[in-house]
Amino acid sequence: MKMSVLYHSKSGNTKAMAEAVAEGMEQVEAVEAKTMSIDAVDEEWLRESVCLVLGSPTYYASVSGEMKLFLEGLGKYGVAGKLGGAFATANYIHGGGELAIQTILDHLMVYGMLVYSGGGSKGKPVIHLGPEAVAGELEKSRETFQVYGRRMAEKAAELFG
């Protein structure tokens, strides 16, 4: 079962957290996860993926301009009916990460995707919208991002497996 983790990253922080999400996904049996920059999308892999998670750095309490442009064209990849999720990185706490995540989730829903996080139903760590990591403290968040990836993969397996 293929899954995609797409990200935009300038400093490498969002890329590192995308890799943590993919590591968590691959903890689920029969899951193959691939991380891709939005600048180098493997279109065939993305179209075959049952789950898509997108991550962006936080710019002015929203997604980066590059991610916004990518989101506006996401429908061309045939994402309707797939499972989707989001994550963000920020330079500091309360830097707008939740708003960036919500922006991504809003786009996914407009394209007809099913959005999921596990919320509080899966216990700790509680991840309501999606995980957020703060620059300089990425390692503190790595496990949460892996848990998030695993939860997304488990839900995808339940829905599509």
Side-chain angles (χ1 to χ4, degrees), residues 1-26 31-92 94-119 127-135 138 141-142 144-153 155-156 159-160:
M1 184 177 317
K2 292 182 179 178
M3 302 188 185
S4 295
V5 183
L6 282 87
Y7 63 88
H8 174 243
S9 187
K10 287 192 177 183
S11 68
N13 291 341
T14 310
K15 178 182 180 185
M17 294 298 92
E19 291 167 350
V21 171
E23 289 167 10
M25 288 175 162
E26 290 191 334
V31 167
E32 294 179 85
K34 187 172 193 175
T35 60
M36 295 173 262
S37 166
I38 60 172
D39 299 321
V41 174
D42 180 337
E43 290 188 32
E44 182 178 348
W45 184 278
L46 180 55
R47 289 181 188 281
E48 294 173 2
S49 293
V50 298
C51 179
L52 169 62
V53 175
L54 290 112
S56 178
T58 304
Y59 285 36
Y60 299 100
S62 189
V63 296
S64 66
E66 293 88 342
M67 179 56 77
K68 178 76 166 97
L69 286 173
F70 181 79
L71 287 168
E72 290 177 1
L74 186 61
K76 70 182 179 184
Y77 297 108
V79 296
K82 295 181 182 201
L83 186 64
F87 66 92
T89 58
N91 281 328
Y92 46 87
H94 307 299
E98 286 189 2
L99 295 171
I101 291 167
Q102 187 65 56
T103 297
I104 294 170
L105 295 175
D106 288 347
H107 280 79
L108 300 184
M109 287 186 286
V110 166
Y111 286 117
M113 293 183 70
L114 310 168
V115 298
Y116 180 74
S117 70
I127 304 169
H128 289 296
L129 299 177
E132 178 184 357
V134 176
L138 298 183
S141 300
R142 178 170 280 288
T144 299
F145 276 69
Q146 289 171 334
V147 167
Y148 176 71
R150 188 182 72 243
R151 289 177 183 172
M152 292 297 292
K155 181 54 76 174
L159 294 171
F160 306 110

Peer 1: With side-chain contact (heavy atoms from CB on, under 4.5 Å) as the criterion, how do Y148 and V53 come out once you've worked through the C-alpha distance, each side chain's angles and the decisive distance to 0.1 Å?
Peer 2: CA-CA 10 Å; Y148 176 71; V53 175; 3.9 Å; yes
Peer 1: What distance do L108 atom CG and L52 atom CG have between them, rounded to the nearest 0.5 Å?
Peer 2: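 If we round to the nearest 0.5 Å, L108:CG and L52:CG are 6.5 Å apart.
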Peer 1: Report the distance from atom CG of D42 to atom OG1 of T35, rounding to the nearest 0.5 Å.
Peer 2: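 If we round to the nearest 0.5 Å, D42:CG and T35:OG1 are 11.0 Å apart.
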Peer 1: Does the S64 side chain pair with the main chain of Y59, one donor and one acceptor, at a distance under 3.5 Å?
Peer 2: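 The answer is no, because no donor-acceptor pair under 3.5 Å joins these two groups.
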Peer 1: So, for G55 and M67, which heavy atoms are closest and what is the spacing to 0.1 Å?
Peer 2: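 Heavy-atom minimum between the residues: O-CE, 3.1 Å.
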Peer 1: Dump the intermediate steps for side-chain contact (heavy atoms from CB on, under 4.5 Å) on Y116 and L159, then the final yes or no.
Peer 2: CA-CA 12 Å; Y116 180 74; L159 294 171; over 6 Å; no
Peer 1: I'd like to check the side chain to side chain donor-acceptor pair (under 3.5 Å) partners of N91; sequence neighbours left out, ordered by chain and number.
Peer 2: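 Expected list: none.
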Peer 1: Rounded to the nearest 0.5 Å, what separates atom CG in L71 from atom OH in Y111?
Peer 2: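 Rounded to the nearest 0.5 Å, the CG-OH separation comes to 7.5 Å.
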Peer 1: What's the verdict on side-chain contact (heavy atoms from CB on, under 4.5 Å) for Y7 and S37, showing C-alpha distance, side-chain angles and the deciding distance?
Peer 2: CA-CA 5 Å; Y7 63 88; S37 166; 3.9 Å; yes
Peer 1: Could you pull out all residues at least two apart from E19 that satisfy side chain to side chain donor-acceptor pair (under 3.5 Å)?
Peer 2: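 With neighbours one apart ignored, the set is empty.
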Peer 1: CZ of F160: more than 12 outside heavy atoms within 6.0 angstrom?
Peer 2: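 Result for CZ/F160: enclosed.
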Peer 1: Does E26 have any side chain to side chain donor-acceptor pair (under 3.5 Å) partners at least two apart in sequence or in another chain, and if so, which?
Peer 2: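 Testing E26 for side chain to side chain donor-acceptor pair (under 3.5 Å), a comparison that skips the adjacent residues, returns none.
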Peer 1: List the atom pairs, with distances to 0.1 Å, where a side-chain N or O of residues 96-104 and a protein N or O form a donor-acceptor pair under 3.5 Å, not counting sequence neighbours.
Peer 2:
{"unit_1": "Q102", "atom_1": "NE2", "unit_2": "D106", "atom_2": "OD1", "d": "2.8"}
{"unit_1": "T103", "atom_1": "OG1", "unit_2": "L99", "atom_2": "O", "d": "2.9"}

Peer 1: Could you go through T14 and H8, starting from their C-alpha distance and side-chain angles, then the distance that decides it, and tell me whether this counts as side-chain contact (heavy atoms from CB on, under 4.5 Å)?
Peer 2: CA-CA 7 Å; T14 310; H8 174 243; over 6 Å; no
Peer 1: Main chain of L6, side chain of S4: is a donor-acceptor contact present, judged purely on distance under 3.5 Å?
Peer 2: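 Side chain of S4 to backbone of L6, a donor-acceptor pair under 3.5 Å: no, none is there.
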Peer 1: Salt bridge or not for R142 and E23, using N-O below 4.0 Å?
Peer 2: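 Yes, R142 and E23 are salt-bridged.
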Peer 1: Please check if the number of heavy atoms outside E72 that lie under 6.0 Å from its CD is greater than 12.
Peer 2: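 Yes.
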Peer 1: So, applying side chain to side chain contact (heavy atoms under 4.5 Å, CB included) with M25, which one of Q146, K34, M1, M3 is it?
Peer 2: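 Exactly one candidate clears the test, M3.
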Peer 1: Roughly how far apart are M17 CE and T144 OG1, rounded to 0.5 Å?
Peer 2: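 Taking CE in M17 and OG1 in T144, the distance rounds to 9.5 Å.
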Peer 1: Residues two or more places apart in sequence or in another chain: which of them pass side chain to side chain donor-acceptor pair (under 3.5 Å) with K15?
Peer 2: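 Side chain to side chain donor-acceptor pair (under 3.5 Å) list for K15, sorted by chain: empty.
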Peer 1: In a table with atom names and distances, give each donor-acceptor pair under 3.5 Å that connects a side chain of residues 78-87 to protein atoms at least two apart or in another chain.
Peer 2:
{"unit_1": "K82", "atom_1": "NZ", "unit_2": "L46", "atom_2": "O", "d": "3.1"}
{"unit_1": "K82", "atom_1": "NZ", "unit_2": "R47", "atom_2": "O", "d": "2.6"}
{"unit_1": "K82", "atom_1": "NZ", "unit_2": "S49", "atom_2": "O", "d": "2.8"}

Peer 1: Mind listing the closest non-hydrogen atom pair of G95 and T58 along with its distance?
Peer 2: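 Of all heavy-atom pairs spanning G95 and T58, the closest is O-CG2, 3.1 Å.
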Peer 1: Are H107 and M113 close enough that some pair of their side-chain heavy atoms sits under 4.5 Å apart?
Peer 2: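 No - every pair of side-chain heavy atoms lies 4.5 Å or more apart.
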